[in-house]
Amino acid sequence: MLTVTVTETVRETDAVKVFRLARSDGVALAPYPAGAHIDVTGPTGITRPYSLCGPPDDTGSYTIAVKREEKSRGGSQALHDKVEPGTELTIGEPRQLFGIAPIAAEHHLVGAGIGITPLLAMAYELHRLGAEFRLHYVARSRDEAAFAGLLENSAFADRVDFHFGRGRETVARELAGELAELPADAHVYTCGPQGFMEQVAVLATRAVPADQVHSELFQAGEQPDAAPCEIFEVELDTGEVYTVPPGKSIADVLEENGVPLDTSCREGICGTCVLRVIEGEPDHRDHCLSAKEKAAGDQIAACVSRSRSPRLVVELW
Ligand code: FES
């Protein structure tokens, strides 16, 4: 964890505020891969993951954009209301669960709303690399579109397609037309509400294989209806066995028993709590593991996922 100072805040839209963070000790920050996020602990002690959305090679500051969520448990509201230039915050190291494919004929970035943030960092990086890319940005209106002015005046403005205020069906038609033309070795990256990303994935996979479509869930979606609450055991690779009752997560039980486990979002988004599964069948309820990783069954997000077998044997990383 690192202590940083807020050097600047900018109100991008009525709901989105941008924060620039620099190390409080004046040392340069670590560079990060485009698409990475950091955990930010706000003034109320709530930790949330936020995508880094500045140029990834800028080691002078990290930039995050925070949408004020009226239904949040206080994380975004506290950042909006209580944080100003000079405030110190605690952040984690950049972590990457969503990144640019090293080899692709073209890259297509498709974002909606606050989902623009990781894609903005990717656009900076693809432009720096001289790669072939387009950024498709969907928002209800230009006034509600964070970074619209920055993108219009960016060095890669000619690569940005704005889909503002067009309505759902028109946007779907526009994206269908653009994604239908992709070469088979293009990669597509999407971030936004879950339904939007699912729609982009359906459209993109008409032209490219599914493993070339990359999604980042920006907010926790609805959890699937809970299966009948089963009791199961979790066994550590060191031999201790604990019972996980209905209504408690593996992470809850390990913490209650003094087993050290890093967690952040506790909503299955960030991947901080992922453990290796040695034996047993996980019941995946997270949004951070890919479909391929879930099918492999050798990892589990301990904060939300459960078990389909009576015992899960896990290894603490
Ligand atoms: S703590 Fe974020 S996925 Fe579990």
Side-chain angles (χ1 to χ4, degrees), residues 1-2 32-33 35-42 44-52 64 66-67 69 71-76 78-79 89-99 114-115 117-118 191 193-194 197 214-224 226-227 232 234 236-237 242 244-278 280-308 312-317:
M1 301 301 279
L2 205 60
Y32 58 89
H37 68 267
I38 53 171
D39 289 336
V40 178
T41 305
T44 52
I46 294 176
T47 301
R48 287 285 176 270
Y50 292 101
S51 293
L52 291 164
I64 59 169
V66 178
K67 182 178 178 193
E69 301 288 354
K71 288 189 189 155
S72 84
R73 281 173 279 164
S76 65
L79 287 171
L89 299 172
T90 305
I91 65 168
E93 295 290 325
R95 289 162 47 82
Q96 190 188 31
L97 300 169
F98 183 58
I114 194 64
T117 50
C191 185
Q194 186 163 16
M197 292 192 297
H214 314 271
S215 303
E216 172 155 276
L217 188 67
F218 210 79
Q219 288 181 296
E222 292 296 309
Q223 298 296 320
F232 61 95
V234 60
L236 304 186
D237 52 338
Y242 304 106
V244 183
K248 284 195 178 172
S249 67
I250 298 172
D252 294 335
V253 170
L254 294 183
E255 280 173 3
E256 282 172 10
N257 287 282
V259 178
L261 176 71
D262 287 341
T263 60
S264 171
C265 68
R266 297 190 83 104
E267 292 179 327
I269 304 171
C270 69
T272 305
C273 67
V274 169
L275 301 175
R276 187 186 302 281
V277 175
I278 300 169
E281 190 187 350
D283 177 15
H284 296 291
R285 300 185 183 192
D286 64 274
H287 300 287
C288 55
L289 296 176
S290 66
K292 216 184 223 175
E293 288 168 330
K294 287 177 182 169
D298 58 356
Q299 298 182 66
I300 186 166
C303 67
V304 289
S305 296
R306 300 185 67 79
S307 179
R308 291 180 187 275
L312 274 183
V313 185
V314 300
E315 181 180 87
L316 297 175
W317 295 96

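Both counts, for ligands and for their atoms, begin at 1 and track the order of listing. Residue indices begin at 1 and follow the sequence shown. Quick note: numbers below take in every heavy atom, side chains included, and nothing from hydrogens, waters or symmetry partners.
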Considering only heavy atoms, does Ser264 approach ligand 1 within less than 4.0 Å through its side chain, its backbone, both, or neither?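 Backbone only.
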
Please work out, at 4.0 Å between heavy atoms, whether the side chain, the backbone, both, or neither of Asp286 comes within that distance of ligand 1.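 Asp286 to ligand 1: no contact under 4.0 Å from either part.
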
Contact atoms of ligand 1, heavy-atom distance to [X] under 4.0 Å:
X	value
Gly268	3 (S)
Arg266	1 (S), 2 (Fe)
Cys303	1 (S), 3 (S), 4 (Fe)
Cys270	1 (S), 2 (Fe), 3 (S)
Ile269	3 (S)

Quiz question: by atom type and distance under 3.5 Å, do the side chains of Asp262 and Thr272 form a donor-acceptor pair?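 Checked: Asp262/Thr272 side chains show no N/O donor-acceptor pair below 3.5 Å.
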
Using a 4.5 Å cut-off on heavy atoms from C-beta on, say whether the side chain of [Y] contacts that of [X].
X	Y	result
Ser307	Leu312	yes
Leu236	Tyr242	yes
Glu93	Met1	no

Scan Leu52, Ile91, Thr117 and name whichever one has a side chain to side chain contact (heavy atoms under 4.5 Å, CB included) with Ile64. Leu52

For Glu216 and Arg95, run salt bridge (Lys or Arg N to Asp or Glu O under 4.0 Å): C-alpha distance rounded to whole Å, both residues' side-chain angles, the deciding distance at 0.1 Å, then the answer. CA-CA 13 Å; Glu216 172 155 276; Arg95 289 162 47 82; over 6 Å; no

Exam field: side chain Asp252 to backbone Glu255, donor-acceptor pair closer than 3.5 Å: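 Not at all, since once roles are kept as given, no pair shorter than 3.5 Å links the two residues.
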
Presence of N, O or S from Cys273 under 2.8 Å of atom 4 (Fe) of ligand 1: yes

From Cys265, does some N, O or S atom reach closer than 2.8 Å to atom 4 (Fe) of ligand 1?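 No, since none of the N, O or S atoms of Cys265 sits under 2.8 Å from atom 4 (Fe) of ligand 1.
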
Taking atom 3 (S) of ligand 1 as the point of reference, which of Gly271, Ala251, Ala301, Ala302 owns the nearest heavy atom? Gly271

